[in-house]
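This report refers to the structure that appears directly beneath it.
These numbers come from a predicted model, not from an experiment.
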Amino acid sequence: MMKKNQDELLKEMIKQPLSNKKVSIVHLQMVKENRTLYGMKSFTSPAEAIEVVRPLLDMADREMVLVMSLNTKMEPLAVEVAAVGGVSMCSVDIKNIFKHALLNNASYVICFHNHLSGDPEPSCEDQMITNRIRESGKLLGLPLVDHIIAGESGFYSFREHGLIDFNDSNEVA
């Protein structure tokens, strides 16, 4: 009954528009393209988290940013390639990080990206974008658990280095 009333209201609004401006009517739907068995174990360390996505990052010929959405138990729900860049940089649109997580009804996100140089140390740009993602996550109630950079010589975890305080992330602004 509620649906019918909403449909009638929408039709009435279309007949008598308030202005000459057209507004799109959209329908969002998440489509799961594929499922891979990774296990549903909660992550207890950045090393465990990076091992899940390392195959994707290792085969990349360009910098990529991945986002993993997690449920309340810190179990992975889905992984998405949020951005693909060039050989030495990758531009990230913050909206694309969180669009994925919102559609998955996630509680947390972890970001990953690769450095083709092999050195996982973060650049100034990496630090700035991590802060923007962290602050945006706080506003949305989707805390950034970690940002992990993969390189041939290992990985760099912003959380392990004290640059992301997960307790601080849980406080919604």
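Contact between Ile110 and Leu144 at its shortest, heavy atoms only, is CA-CD1, 4.4 Å. Minimum heavy-atom separation, Pro122 to Phe158: CB-CZ, 3.6 Å. Between His113 and Met64, the shortest heavy-atom contact is CB-O, 2.9 Å. Nearest approach of Ile133 to Phe98, heavy atoms of both residues: O-CZ, 3.4 Å. Of all heavy-atom pairs between Arg54 and Gly154, the closest is NH2-O, 3.7 Å. In terms of heavy atoms, Asn71 sits closest to Tyr108 at O-CD1, 3.4 Å.
Considering CG of Asp61 and CE of Met59, their distance stands at 10.0 Å, rounded to 0.5 Å. In this structure, OG in Ser45 is found 9.0 Å from CD in Glu51, a value given to the nearest 0.5 Å. Distance NE2/His115 to CE/Met89: 11.0 Å, rounded to 0.5 Å. For the atom pair CD (Gln127) and NE2 (His161), the distance works out to 10.5 Å, reported to the nearest 0.5 Å. With rounding to the nearest 0.5 Å, the separation of CD in Glu80 from CG in Leu56 is 12.0 Å. Separating the CG atom in Asn131 from the CD1 atom in Ile164 is a distance of 8.0 Å, to the nearest 0.5 Å.
In the hydrophobic clustering of ILVMFWY residues, with side-chain heavy atoms under 4.5 Å counting as a link, Val84 and Phe112 come out together. Clustering ILVMFWY residues whenever any of their side-chain heavy atoms sit less than 4.5 angstrom apart, transitively, puts Ile94 in the very cluster that holds Val109. Under the 4.5 Å side-chain contact rule for hydrophobic residues, Val81 and Val52 share a cluster.
Between the side chains of Thr44 and Glu48, at least one donor-acceptor pair of N or O atoms lies under 3.5 Å. Between the side chains of Asp126 and His147, not a single donor N or O lies within less than 3.5 Å of an accepting N or O.
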Worksheet entry | side chain to side chain contact (heavy atoms under 4.5 Å, CB included) between Asn96 and Val65, intermediate numbers included | CA-CA 10 Å; Asn96 286 333; Val65 175; over 6 Å; no
Practice prompt. Would you sort out whether Ser157 and Asp146 count as a side chain to side chain donor-acceptor pair (under 3.5 Å), showing the intermediate values?
Written response: CA-CA 7 Å; Ser157 162; Asp146 204 346; 2.6 Å; yes
Discussion item. Evaluate Ile97 against Val92 for side chain to side chain contact (heavy atoms under 4.5 Å, CB included), listing each step before the verdict.
Written reply: CA-CA 8 Å; Ile97 299 288; Val92 181; 3.9 Å; yes
Worksheet item: Hey, mind stepping through Cys90 and Arg62 against side chain to side chain contact (heavy atoms under 4.5 Å, CB included) and telling me if it holds?
Response: CA-CA 8 Å; Cys90 186; Arg62 296 172 272 182; over 6 Å; no
Worksheet item: Does the pair Lys99 and Leu102 meet the rule for a side chain to side chain contact (heavy atoms under 4.5 Å, CB included), with working shown?
Response: CA-CA 5 Å; Lys99 176 171 50 174; Leu102 289 166; 5.8 Å; no
Discussion item. Would Arg132 and Glu135 count as a salt bridge (charged side-chain N to carboxylate O under 4.0 Å, His left out) here? Give the steps.
Written reply: CA-CA 5 Å; Arg132 286 186 58 212; Glu135 291 301 316; over 6 Å; no
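Side chain of Asn104 to backbone of Ala106: no donor-acceptor contact under 3.5 angstrom is found.
Considering only heavy atoms from C-beta on, Pro120 comes within 4.5 Å of Ser153 through its side chain. Between Asp58 and Asn114, the closest side-chain pair of non-hydrogen atoms is not below 4.5 Å.
Grouping Ile, Leu, Val, Met, Phe, Trp and Tyr by side-chain contacts under 4.5 Å, direct or through others, puts Val87 with Leu116.
Residues that satisfy the side chain to side chain donor-acceptor pair (under 3.5 Å) test with Glu121, not counting sequence neighbours, are absent from this structure.
Within 6.0 Å of the CD atom in Glu152, the count of heavy atoms belonging to other residues, nucleotides or ligands does not exceed 12.
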